[in-house]
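We name chains A, B, ... by the order of the sequence lines, and we start the count at 1 in each one.
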There are 2 protein chains.
Amino acid sequence: MQTEEEILKIKKVKNTAVRTVVLRHLLSQEKAQSLKDIENALAYTDRSSIFRTLKTFEENKVIHSIEDGSGMTKYAVCAKGCNCDPKDLHYHFYCTNCDKTFCLFDVPIPKIQLPENFKLKQANMVVKGLCDNCNK
Amino acid sequence: MQTEEEILKIKKVKNTAVRTVVLRHLLSQEKAQSLKDIENALAYTDRSSIFRTLKTFEENKVIHSIEDGSGMTKYAVCAKGCNCDPKDLHYHFYCTNCDKTFCLFDVPIPKIQLPENFKLKQANMVVKGLCDNCNK
DNA sequence: TAATCTTTGCAATCGAGTTGCAGTAAAAGG
DNA sequence: CCTTTTACTGCAACTCGATTGCAAAGATTA
Ligand SMILES: [Mn+2]
Ligand SMILES: [Mn+2]
Ligand SMILES: [Zn+2]
Ligand SMILES: [Zn+2]
């Protein structure tokens, strides 16, 4: 696992106090985090600063966002080497019981055969149901 | 293609003026519609009435919703026989250029091998890129 | 150091979605 | 029919996640 400093260096994002603490928080969580999650965890950091940090991170492929249908966009740190290209596509799982969203890096995504002349650029793939913990 | 009346009858949703016109509009459009799209198209029908109609339709599997990441939930009429079960899963395409979202009923969705003990219930699968019209 | 650019915090704003409520319409009961 | 009950509709107000303007603070450059 890389440190915050290493990640920001690789992605060419200047390191600041807010960025370090936001990225550290994201790295420490197994579930994808919403702006509010982060705001709650970092009590003394302003929401709009976190918001802009997330935008900067996303633009620079430090993190990617997930629309899981919960009403709040979630964010997760990109895997090492990820460029948010079609090759980096992966499913996300949203547990409708415990409200946890996370990347399914280990589930292979098949090649999607789009109609003639369509061009694939990105995707937001969210699979919903019960996680192992809630499916008992 | 079924008429509005037939669909509502099959799905056991009472037919009303607003419901008929909303469903008719959805059937007439090839792209999935947002609440605002419908509001704009039906100038004399109140937004909250349309909103509640969409909720009723969704609860009764007349339509399904799509979170395409555009900030507005889109709605599309369910295919004949659809029950919004995992078997009815299909991809959606969101064109980042012309902002059009639609169901890809013809693209097969492979079986998703979830981790041990996870239960699949639904999914929101949105593929993004350029549609044939914009990819020139 | 002075000038310039970037980041941050605060407050205000935006807008999609949602709800309370009262009026209207439709269904049920007699 | 007429009355009672239930469902639907329109309007206005509100919620809340997301976003922005602006000035202060911090970092970088000349
Ligand atoms: Mn992910
Ligand atoms: Mn669809
Ligand atoms: Zn769970
Ligand atoms: Zn297009």
Where does the angle between the aromatic ring planes of B:Phe102 and A:Phe118 fall among parallel (under 30°), tilted (30 to 60°) and perpendicular (over 60°)?
perpendicular

Rounded to whole angstroms, how far apart are CD on B:Gln33 and P on C:dA16?
15 Å

Using the 3.5 Å cut-off, write out each protein N or O paired with an N or O of nucleotides 26-30 of chain D and the distance between them.
none

What is the distance, rounded to the nearest whole Å, between atom CE of B:Met72 and atom P of D:dA18?
15 Å

Mind checking if A:Ser34 touches a base, just sugar-phosphate, or nothing, with heavy atoms under 4.0 Å?
nothing

Check for me, please, whether A:Tyr91 and A:Ile112 land in the same ILVMFWY cluster - side-chain distances under 4.5 Å, paths through other members count.
yes

Of A:Gln122, A:His90, A:Glu58, the residue whose pairing with A:His64 passes side chain to side chain donor-acceptor pair (under 3.5 Å):
A:His90

Taking 4.0 angstrom as the limit, do A:Lys74 and A:Glu67 come out as a salt bridge?
no

Check whether any side-chain N or O of B:Thr16 sits under 4.0 Å from OP1 or OP2 of C:dA25, and answer yes or no.
no

When rounded to whole Å, the NZ to C1' distance for the pair B:Lys36 and C:dG17 reads 11 Å

Min side-chain heavy-atom separation A:His92-A:Leu104 under 4.5 Å
no

Is any side-chain N of the basic residue among B:Glu30 and B:Lys100 closer than 4.0 Å to the acidic one's carboxylate O?
yes

Do you see a donor-acceptor pair shorter than 3.5 Å between the side chains of B:Tyr94 and B:Asp99?
yes

Which residues within residues 38-69 of chain B lie with some heavy atom under 4.0 Å of an atom in DNA chain C?
B:Arg47, B:Ser48, B:Phe51, B:Arg52, B:Lys55

Are A:Ile66 and A:Leu26 linked, directly or through other ILVMFWY residues, by side chains that come within less than 4.5 angstrom of each other?
no

